[in-house]
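Worth knowing before you read on, the calculation uses all heavy atoms, side chains too, and leaves out hydrogens, waters and symmetry mates.
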Amino acid sequence: VQLQASGGGLVHAGGSLRLSCRASGFPLDYYMIGWFRQAPGSEREGVSCISSSDGGTYYTNSVKGRFTISRDNAENTVYLQMNSLKPEDTAVYYCATERGVPECRSDKYYQPALYDIWGQGTQVTVSS
């Protein structure tokens, strides 16, 4: 049971990146997926979450209108499309899920301690 995040890179402010979170060893259909990020010296921050059934989505305020989370269950992959990137978006981005929980916890999805399966992280660097 693994998650693998990829798609990070170096972009200029205003640019775009699409992160991928691919699951292996289990069908993604029944799992919600959260995206987190952690900048140097900062705590891990919840960015977005997508539920398994209705695809309900949640975003932290700082990325609303710029980031879009989506899923392709046939590809066993969740995506995070990041547009209008800012230097403050620079961080290592992780995807994660909580075993046995198909829906995002609307009031707690941003809490890393609730998640027990994590991908390895992908670096996003936005230059000014």
Completion exercise
d(Tyr79 OH, Ile50 CD1) to nearest 0.5 Å is 11.5 Å

Practice task
Measure across Cys104 and Gly56 and return the closest heavy-atom pair with its distance rounded to 0.1 Å.
Solution key: SG-O, 4.4 Å

Practice task
Output yes when a side-chain donor or acceptor of Thr97 lies under 3.5 Å from a complementary backbone atom of Met32, and no otherwise.
Solution key: yes

Practice task
State yes or no: do Val63 and Ile69 share one hydrophobic cluster built from I, L, V, M, F, W and Y residues joined by side-chain heavy-atom distances below 4.5 Å, directly or via other members?
Solution key: yes

Exercise for the section: Report yes or no: does Tyr110 contribute a side-chain atom to a donor-acceptor pair with the main-chain N or O of Asp107 at less than 3.5 Å? Expected result: yes

Handout entry: Sidechain-backbone polar pair: Arg22 side chain, Glu75 backbone, donor-acceptor under 3.5 Å
Key = yes

Exercise for the section: Hey, could you give me the CE/OG1 distance between Met82 and Thr68, rounded to the nearest 0.5 Å? Expected result: 11.0 Å

Handout entry: Donor-acceptor under 3.5 Å (Asn76 side chain, Pro27 main chain)
Key = no

Practice task
Using modelled atom types only, decide if a donor and an acceptor are shared between the side chain of Ser51 and the backbone of Glu103 within a distance under 3.5 Å.
Solution key: no

Practice task
Evaluate the criterion ring pair (Phe, Tyr, Trp, His ring centres under 6.0 Å) for residue pair Phe36 and Tyr93; output intermediate values, then yes/no.
Solution key: CA-CA 6 Å; Phe36 292 79; Tyr93 283 70; over 10 Å; no

Handout entry: Residue pair Gln4, Gln120: steps toward the side-chain contact (heavy atoms from CB on, under 4.5 Å) verdict
Key = CA-CA 6 Å; Gln4 184 169 3; Gln120 84 286 7; 3.8 Å; yes

Practice task
Please name all residues satisfying salt bridge (Lys or Arg N to Asp or Glu O under 4.0 Å) with Asp72, sequence neighbours left out, ordered by chain then number.
Solution key: none

Problem - Joint hydrophobic cluster, Leu3 plus Val1, side-chain heavy atoms closer than 4.5 Å - result: yes

Practice task
Supply the atom-to-atom distance Phe67 CZ to Leu17 CG, rounded to the nearest 0.5 angstrom.
Solution key: 9.0 Å

Exercise for the section: Look at the side-chain heavy atoms of Ile, Leu, Val, Met, Phe, Trp and Tyr, link any pair under 4.5 Å apart, and say whether Trp35 and Trp118 land in one connected group. Expected result: no

Exercise for the section: May I ask you to decide if Tyr58's main-chain N or O and Ser48's side chain share a donor-acceptor pair within less than 3.5 Å? Expected result: yes

Handout entry: Salt bridge flag under 4.0 Å for residues Arg71 and Asp29
Key = no

Exercise for the section: Using modelled atom types only, decide if a donor and an acceptor are shared between the side chain of Arg66 and the backbone of Ser62 within a distance under 3.5 Å. Expected result: yes

Problem - Straight-line distance of Gln123 CD to Gln38 CD, nearest 0.5 Å - result: 11.0 Å

Exercise for the section: Could you tell me whether the side chain of Val101 reaches within less than 4.5 Å of the side chain of Tyr115, counting heavy atoms only? Expected result: no

Completion exercise
On a heavy-atom basis, the closest approach of Ala23 and Leu28 is CB-CD1, 3.7 Å

Practice task
Classify the side-chain pair Asn83/Gln81 by whether it contains a donor and acceptor separated by less than 3.5 Å.
Solution key: yes

Exercise for the section: Test side-chain contact (heavy atoms from CB on, under 4.5 Å) on Val47 and Tyr59 and set out the steps. Expected result: CA-CA 6 Å; Val47 174; Tyr59 300 93; 5.9 Å; no

Exercise for the section: Give a yes or no on whether the backbone of Pro102 and the side-chain of Ser52 come within a donor-acceptor separation of less than 3.5 Å. Expected result: yes

Handout entry: Residues forming a salt bridge (Lys or Arg N to Asp or Glu O under 4.0 Å) with Glu45, sequence neighbours excluded
Key = Arg37

Problem - Non-hydrogen atoms of Ser128 and Pro87 that approach each other most closely - result: CB-CG, 3.8 Å

Problem - Heavy-atom check, side chain of Thr125 versus side chain of Val11, under 4.5 Å - result: no

Problem - Interatomic distance, Phe26 atom CZ to Arg99 atom CZ [nearest 0.5 angstrom] - result: 8.5 Å

Exercise for the section: Give a yes or no answer on whether the side chain of Tyr30 reaches the backbone of Gly100 with a donor-acceptor pair at less than 3.5 Å. Expected result: no

Practice task
Measure the spacing between SG of Cys49 and CG of Leu114 and express it to the nearest 0.5 Å.
Solution key: 10.0 Å

Fill in the blank from the handout: Correct closest heavy-atom pair for Ala5 and Cys95 would be CB-SG, 4.1 Å

Handout entry: Closest approach of Ile33 to Cys21 (non-hydrogen atoms, all atoms of both residues)
Key = CG2-SG, 4.3 Å

Handout entry: Trace of the side-chain contact (heavy atoms from CB on, under 4.5 Å) decision for Glu98 with Arg105
Key = CA-CA 10 Å; Glu98 184 180 358; Arg105 301 175 187 271; 2.7 Å; yes

Handout entry: Close side-chain approach of Leu19 and Thr122, heavy atoms under 4.5 Å
Key = yes

